[in-house]
Amino acid sequence: MSTSHAKPVFSMDAATEITVRRAEVEDAAILTETCRRAFDSDLEVGAPGPGGPPGYDSVDWNSHRITNRYLQYYKILKGGDIVGGFIVGDRGPGYQVCERIWVNPAYMRKGIGEKAFQLIWERYSSVDLWALGTPEWNLRTNPFYRKLGFVQIGTTHEYSQWSGNYYERRISHEFPRAMSRIEGLHKDLVSVVVEGQVRSLSSPRTVSSRKTGEQLKLVDAVLTDDTASIKLVLWNDQIRQVSDKSSIRIENGYVKEFGSELQLGISKWGLVITLL
Ligand SMILES: CC(C)(COP(=O)(O)OP(=O)(O)OC[C@H]1O[C@@H](n2cnc3c(N)ncnc32)[C@H](O)[C@@H]1OP(=O)(O)O)[C@@H](O)C(=O)NCCC(=O)NCCS
C-alpha cells in the first residue's frame with residue numbers, strides 16, 4: 001500500500017536556491033557522505049558516543065532506501081550541489097513521518113533545514129499529520145523541530161541507552177484519518193495506528209518459535225480507549241517499552257484473530273510511543 005501524497009515535481013525556493021528533488025541511486029554515494037558527516041557532528045551536540053542512526057554511513061543502506069516503495073527519499077540541493085537529504089515515510093492516509101533529515105555540516109545553521117521542511121510541506125499539501133522522533137540528548141534537533149512548529153507528544157524507548165522524544169505537527173485538528181479507535185479494529189488489519197491506556201501486563205513467559213525453535217519472551221497486556229479494549233501482545237524488546245497504566249500510541253501495529261479473540265501486535269517496523 002502506498003499512501004504517498006507527494007507531487008511529482010521538484011520544489012525550489014528562488015531566493016535561497018534551495019531545491020528538494022527525488023534522489024536517484026546515482027546520488028547514493030554523495031548523500032551517504034553528507035549524512036555521515038552530519039551525524040558524526042552529533043558528538044558536538046550531546047551524543048553519548050560516535051556513530052549515527054542505522055545505515056547512516058552505508059551507501060548500500062541509502063541506495064536501498066532510495067528505491068524503497070514505502071519511502072520517498074529526497075536530496076536537498078543548494079544551487080546544483082547536494083547539501084543534504086530528507087527521507088519521508090508513509091504511516092497511513094494523510095500521515096507522513098520525517099524518517100531522517102540532515103544537512104552537510106559546512107552548510108548548517110544557514111536556514112537550509114528549515115527551508116527543506118517548508119518545501120516538503122508544500123509538496124505534501126493534503127497531509128494532516130506529520131511526526132518524527134529524535135534523541136532526547138540532541139541539543140540541536142530538539143530546538144530545530146520546536147522552531148518548525150513540532151510539539152512533543154511522547155517518548156520512545158527503542159534503545160536501552162537513551163530515550164527518544166517523539167514530536168508531531170498537526171495540520172488538521174480533526175481525528176487523524178490514519179488513526180483507528182479500538183472498536184474499529186478487525187482481523188487482518190495492518191499498518192494500524194492506535195492510542196490507548198495500558199490496563200494490565202502479565203508476567204513474562206517464554207515460548208519457542210515454531211519456525212526457528214528460538215526462545216521468545218512474551219507478555220500479554222490490555223489496551224483500552226474510550227470505545228473498547230483489545231489484547232496487546234508484546235514480544236522480546238517490546239516488553240521493556242511498555243509500562244502498566246501508561247498511555248501509549250502504537251504505530252505499525254497489526255491485528256490477528258486467535259480462536260475468537262482479536263489480538264493487537266506490533267510489527268518489527270513498529271513503534272511504541274509513551275504519550276506525555
Ligand atoms: C538538524 C539539522 C537538519 C538542521 O539543519 P540546519 O540547516 O542546520 O538548520 P537551520 O539552519 O534551518 O536551523 C533552523 C533553526 O533550528 C535551530 N537550530 C539549528 N541548529 C541548532 C543548533 N546547533 N543549536 C540550537 N538550535 C539549532 C535554531 O532554532 C535555528 O534557527 P536560528 O538559526 O534562526 O536560531 C542539521 O543540524 C543536521 O543535519 N544535524 C545532524 C543530523 C540530524 O541530527 N538530523 C536529524 C535527525 S534525523
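None of these values were measured; they are calculated from a predicted model. When a ligand or atom number is given, it counts from 1 through the structure's own listing order.
Of all protein heavy atoms, the one lying nearest to atom 12 (O) of ligand 1 is Glu114 N, 2.9 Å. The protein heavy-atom contact nearest to atom 36 (C) of ligand 1 is Met108 CE, 4.0 Å. Scanning all protein heavy atoms for the shortest distance to atom 13 (O) of ligand 1 gives Phe144 CD1, 3.8 Å. Looking only at heavy atoms of the protein, atom 29 (O) of ligand 1 is closest to Lys147 CD, 3.4 Å. Ranking protein heavy atoms by distance to atom 44 (O) of ligand 1, first place goes to Thr141 CG2, 3.3 Å. Looking from atom 7 (O) of ligand 1 to the surrounding protein, the closest heavy atom is Gly113 N, 2.7 Å.
Residues Val222 and Ile230 have side chains not in contact (no heavy-atom distance under 4.5 Å, counting atoms from C-beta outward).
Residue contacts with ligand 1 for Phe86 are absent, since no atom lies close enough (heavy atoms, distance under 4.0 Å).
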Trace of the salt bridge (Lys or Arg N to Asp or Glu O under 4.0 Å) decision for Arg181 with Asp225:
CA-CA 7 Å; Arg181 310 258 195 214; Asp225 69 5; 5.9 Å; no
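Taking all heavy atoms of Lys115, Arg109, Arg146 into account, the minimum distance to atom 18 (N) of ligand 1 is reached by Arg109. When Tyr56, Tyr107, Phe39 are ranked by how near their heavy atoms come to atom 43 (C) of ligand 1, first place goes to Phe39. By heavy-atom distance, the residue among Val103, Ile101, Val45, Leu148 lying nearest atom 39 (O) of ligand 1 is Val103.
Short contacts between ligand 1 and Gly111, defined as distances under 4.0 Å to a heavy atom of the residue, involve ligand atoms 10 (P), 11 (O), 12 (O). For ligand 1, the atoms lying closer than 4.0 Å to a non-hydrogen atom of Ile112 are 7 (O), 12 (O). Residue-ligand proximity, Pro143 to ligand 1, at heavy-atom distances under 4.0 Å covers atoms 25 (C), 26 (N). Residue contact check: Lys110 has heavy atoms under 4.0 Å from atoms 11 (O) of ligand 1. Proximity to Arg100 (heavy-atom distance under 4.0 Å) selects the following atoms of ligand 1: 48 (S). Heavy-atom contacts of Leu139 reach the following atoms of ligand 1: 24 (N), 25 (C) (cutoff under 4.0 Å).
The other members of the hydrophobic cluster of Val45, by chain and number, are Leu139 (side-chain heavy atoms under 4.5 Å, ILVMFWY only).
A ring-centre distance under 6.0 Å is found for Phe117 and Phe150.
For the residue pair Gln152/Asn165, the side-chain donor-acceptor check at 3.5 Å is satisfied.
Residues passing the ring-ring contact (aromatic ring centres under 6.0 Å, His included) test with Phe258: none are found, sequence neighbours excluded.
Seen from the ring of Trp121, Arg123 does not count as a face-on cation partner, given the 6.0 Å and 45° thresholds. Cation-pi geometry between Arg146 and Tyr167 is not satisfied (NZ or CZ under 6.0 Å from the ring centre, within 45° of the ring normal).
Looking at ligand 1, you won't find any N or O of Trp102 less than 3.5 Å from one of its N or O atoms. For the pair Tyr145 and ligand 1, the shortest N or O to N or O distance does not fall below 3.5 Å.
Lys78 places no side-chain N or O within 3.5 Å of a backbone atom of Gly84 that could act as its donor or acceptor partner. Using a distance-only test at 3.5 Å, with no hydrogens or angles considered, no donor-acceptor pair links the side chain of Ser180 to the main chain of Ile182.
Atom OH of residue Tyr73 and atom CG of residue Asn68 lie 12.0 Å apart, to the nearest 0.5 angstrom.
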